[in-house]
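A quick write-up on the structure given underneath.
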2 protein chains.
Amino acid sequence: MKKTATIKDIARELNLHHTTVSRALRNHPDVNERTRETVLKMADELNYEPNVFATGLRSQKSKVIGIIVPEISHDFFSSIVSEITNRADETGYSVMICQSNETPEREIENVAAMLSNRVAGIIAAISVNTSCYEHFERVLRRSTPLVFFDRVCHECDTDKVMLDFYGGAVQVVQHLIDQGYRRIAHVAGPTSLSGVRERLQGYTDTLQKNGLSVDERLIVHGGFLPEHGIFGAEKLLPHHPDALFCVDDQVALGAMMRLRAEGFHIPEQIAIAGFDNDQIAQYVEPSLTTVDIRRTEMGQAAVDLLIEQICGKKRPFRTVRIKSELIVRAST
Amino acid sequence: MKKTATIKDIARELNLHHTTVSRALRNHPDVNERTRETVLKMADELNYEPNVFATGLRSQKSKVIGIIVPEISHDFFSSIVSEITNRADETGYSVMICQSNETPEREIENVAAMLSNRVAGIIAAISVNTSCYEHFERVLRRSTPLVFFDRVCHECDTDKVMLDFYGGAVQVVQHLIDQGYRRIAHVAGPTSLSGVRERLQGYTDTLQKNGLSVDERLIVHGGFLPEHGIFGAEKLLPHHPDALFCVDDQVALGAMMRLRAEGFHIPEQIAIAGFDNDQIAQYVEPSLTTVDIRRTEMGQAAVDLLIEQICGKKRPFRTVRIKSELIVRAST
DNA sequence: ATGAAAGCGCTAACAA
DNA sequence: TTGTTAGCGCTTTCAT
């Protein structure tokens, strides 16, 4: 690696002391205007680039935000990562990324990697199976700023950006009931996640509010992937549902595939609704009714909260709720 | 930020000099076995974590790989980022990410951000509109390791991981011809990208090899998103194609949507084929014939080439070609 | 086997 | 307004 110019190189060229150069570059008031100009010119000429290791070593701060997600390649998470990256960019931060692959072990390593890289703060969505939060507690003990989003850790006292899963589920189920569906099934996710429990609660509450009974046989649990939708549909069909409310769009996609294979007409014989408003939801046939969750707003909120923490704004921790919006399409 | 323990803290606790501690921690041979043990124990006790700023400052090296992609949230790129991240993890590197949003301006900023963060190396796919490569030349001039993938810069002398676009296109078009389709259209991408030109070449070569003429009206150019497929289908329909070979699956999805809206039966009246084998390709109705490109292999190759460069292996730059494989599904 | 000294590039405090 | 000194945490060289 050919070494790049340092402030000392600039100083030598200009017969100045490197501290003067340092001041000039950082617009310190105590520096002659003409000196500053020559310094800036020389810096440009020598392609000077401040050394992050040196500034980091002195300040013990970095301009890097760490993101930890379960799976980078999922539509929802990749969108959020994209939004976070854009927002971070706007505010002068770079982004470091890790994925837990939905395992607590990897998640622990992810956290360790972030801390070892001395990131300015961490934005995280926990993995499905995380039940011990010691690694996140350690982040807080080191007073490294931390913001959870989507899949939050309720036990941890820090900022959170949460979706309105309950409200979203209520909207979907009410919509299905309004459309005349009566045997509404729920292809749920793993109950270890609060968002899954909230959707379930919204589902049962709305059924009961409308005088419909909750049939346990119409509730199945799985994961967030298409195969879980396929499997869920198979388990539900013997109980003759007339609508499927799926925990997310990927699951809805799998369920839709299975139902089509069985020759069902959607939405005439069975309706399907998802959650997340993945990009494909509008391109499948029939297009999928789902709940949109304002990903841009979510990503920005996460970054903004984190930066407030980084900047040391003294304030109580906050939980931001992102609004859900029902998107009605052809599948219901 | 509560400061973490340093080697000096450990040294003080143990009445040793910090250099001895440093040696002990790095398994230097010149250190008493019992001393090493007590040092390791104390390091663990104090939650010692080496300071990356200090080691970076001394060594002028980091253990961070930078990735630059056009759009993080596209199925293809997010998969590749995921694969790269996994591979980097295995080899002890962390990953920093940027997206150009398909604009050269942002791409230039991305490169600057990576260099300013002193990453160990950069893995990049260039944006559609990048025509000047000065920013990448600068990377090479600073002898920062650089590997292009998918969308490569031919003018830059460095490692490249390329897809076999030509071979993939040949397979798709030959398959369509074998299935009896004769008026095969191509919804192409922007010709600024070599991968797009290679697919186009594979398309025309295969038509001609089979004694079919190339009808310019059956070739349209656009981008990589569903809307470009919708638009492409509209422009092609007046010329009565019986098959559409699309530049990627997203475009195929859009085209499929448009054709369905027009009441066409797929694949009876019109066949559709894509490229990339996005996750949804198997879930749409009808499932989409496409070309798979071994994303894991691609991500690993990119990381492995980069790490070879980082480790200073003296060797000529290489171009790795990733095999394409036709995936026949219901849409043809 | 351990310690001392020096320096990576930068900035803050103090001196001139 | 500019220069001097010192130190962030670490490793390398040389001395003991």
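Just so we're on the same page: letters track the sequence lines, and every chain starts at 1. The structure displayed is predicted, hence computed values, not measured ones. These values consider heavy atoms only, across backbone and side chains, with no hydrogens, waters or symmetry-generated copies.
- Following rounding to the nearest Å, Gln60(B) (CD) and dT11(D) (P) show an atom-to-atom distance of 14 Å.
- Asp30(B) comes within contact range of at least one nucleobase, with a heavy-atom separation under 4.0 Å.
- Every pair passing salt bridge (charged side-chain N to carboxylate O under 4.0 Å, His left out) that includes a residue from residues 10-30 of chain A is listed here, sequence neighbours excluded: Asp9(A)-Arg12(A).
- Residues forming a side-chain hydrogen bond (donor to acceptor under 3.5 Å, both in side chains) with Ser78(B) (at least two apart in sequence, or on another chain): none.
- Partners of His17(B) according to the side-chain hydrogen bond (donor to acceptor under 3.5 Å, both in side chains) rule, which considers only residues two or more places apart in sequence or in another chain, are Thr19(B).
- Applying the side chain to side chain donor-acceptor pair (under 3.5 Å) test to residues at least two apart or on different chains, the pairs with a partner in residues 145-157 of chain A are Glu102(A)-Arg151(A), His154(A)-Ser194(A).
- Between the NZ atom of Lys8(B) and the C1' atom of dA5(C) there is a distance of 12 Å, given to the nearest Å.
- When rounded to the nearest whole Å, the span between CD of Glu49(A) and P of dG9(C) equals 14 Å.
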Write down the protein N/O and nucleotide N/O pairs, taken from nucleotides 11-13 of chain C, whose separation is under 3.5 Å; answer none if there are no such pairs.
{"from": "dT11(C)", "atom 1": "OP2", "to": "Ser22(A)", "atom 2": "OG", "distance (Å)": "2.7"}
{"from": "dT11(C)", "atom 1": "O4'", "to": "Arg58(A)", "atom 2": "NE", "distance (Å)": "3.0"}
{"from": "dT11(C)", "atom 1": "O2", "to": "Arg58(A)", "atom 2": "NH1", "distance (Å)": "2.7"}
{"from": "dT11(C)", "atom 1": "O4", "to": "His18(A)", "atom 2": "NE2", "distance (Å)": "3.1"}
{"from": "dA12(C)", "atom 1": "OP2", "to": "Arg26(A)", "atom 2": "NH1", "distance (Å)": "3.3"}
{"from": "dA12(C)", "atom 1": "O4'", "to": "Arg58(A)", "atom 2": "NH2", "distance (Å)": "3.3"}

Scan the side chains in residues 310-318 of chain A for donor-acceptor partners under 3.5 Å anywhere in the protein, sequence neighbours excluded, and list what turns up.
{"from": "Arg315(A)", "atom 1": "NE", "to": "Glu308(A)", "atom 2": "OE1", "distance (Å)": "2.6"}
{"from": "Arg315(A)", "atom 1": "NH1", "to": "Asp159(A)", "atom 2": "OD1", "distance (Å)": "3.2"}
{"from": "Arg315(A)", "atom 1": "NH1", "to": "Asp159(A)", "atom 2": "OD2", "distance (Å)": "3.4"}
{"from": "Arg315(A)", "atom 1": "NH2", "to": "Asp159(A)", "atom 2": "OD2", "distance (Å)": "2.8"}
{"from": "Arg315(A)", "atom 1": "NH2", "to": "Leu305(A)", "atom 2": "O", "distance (Å)": "3.4"}
{"from": "Arg315(A)", "atom 1": "NH2", "to": "Glu308(A)", "atom 2": "OE1", "distance (Å)": "3.3"}

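- Partners of Gln300(B) under the side-chain hydrogen bond (donor to acceptor under 3.5 Å, both in side chains) rule, at least two apart in sequence or in another chain, do not exist in this structure.
- In this structure, Leu57(B) and His17(B) both approach DNA chain C, and ranking their closest nucleotides by distance from the 5' end singles out His17(B).
- For residues 31-38 of chain B, proximity to DNA chain C is found at Val31(B), Asn32(B), Thr35(B), defined as any non-hydrogen atom under 4.0 angstrom from a strand atom.
- Axis angle across the helix from dA1(C)-dT16(D) to dA16(C)-dT1(D), with five pairs used at each end and values rounded to 10°: 50°.
- The pair Arg294(A)-Glu83(A) does not meet the salt-bridge criterion, since no charged nitrogen lies less than 4.0 angstrom from a carboxylate oxygen.
- Between the side chains of Asn86(A) and Gln99(B), at least one donor N or O sits under 3.5 Å from an acceptor N or O.
- Every pair passing ring pair (Phe, Tyr, Trp, His ring centres under 6.0 Å) that includes a residue from residues 112-145 of chain A is listed here, sequence neighbours excluded: Phe136(A)-Phe148(A).
- By the side chain to side chain contact (heavy atoms under 4.5 Å, CB included) test, Asn32(A) pairs with Arg34(A), Thr35(A), sequence neighbours left out.
- Along DNA chain C, the nucleotide closest to Ala54(B) and the one closest to Asn15(B) are compared, and the more 5′ of them pairs with Asn15(B).
- One atom, CG of Leu46(A), and another, C1' of dG9(C), lie 15 Å apart when rounded to the nearest Å.
- For Lys61(A) and dC8(D), the NZ to C1' distance is 13 Å, given to the nearest whole Å.
- In this structure, Phe53(B) atom CZ and dG9(D) atom P are separated by 11 Å, rounded to whole Å.
- In this structure, Asp9(A) atom CG and dG9(C) atom C1' are separated by 10 Å, rounded to whole Å.
- Look at CG on Asn117(B): it is 17 Å from P on dG9(C), rounded to the nearest Å.
- Screening residues 43-100 of chain B for ring pair (Phe, Tyr, Trp, His ring centres under 6.0 Å) gives no qualifying pairs among residues at least two apart or on separate chains.
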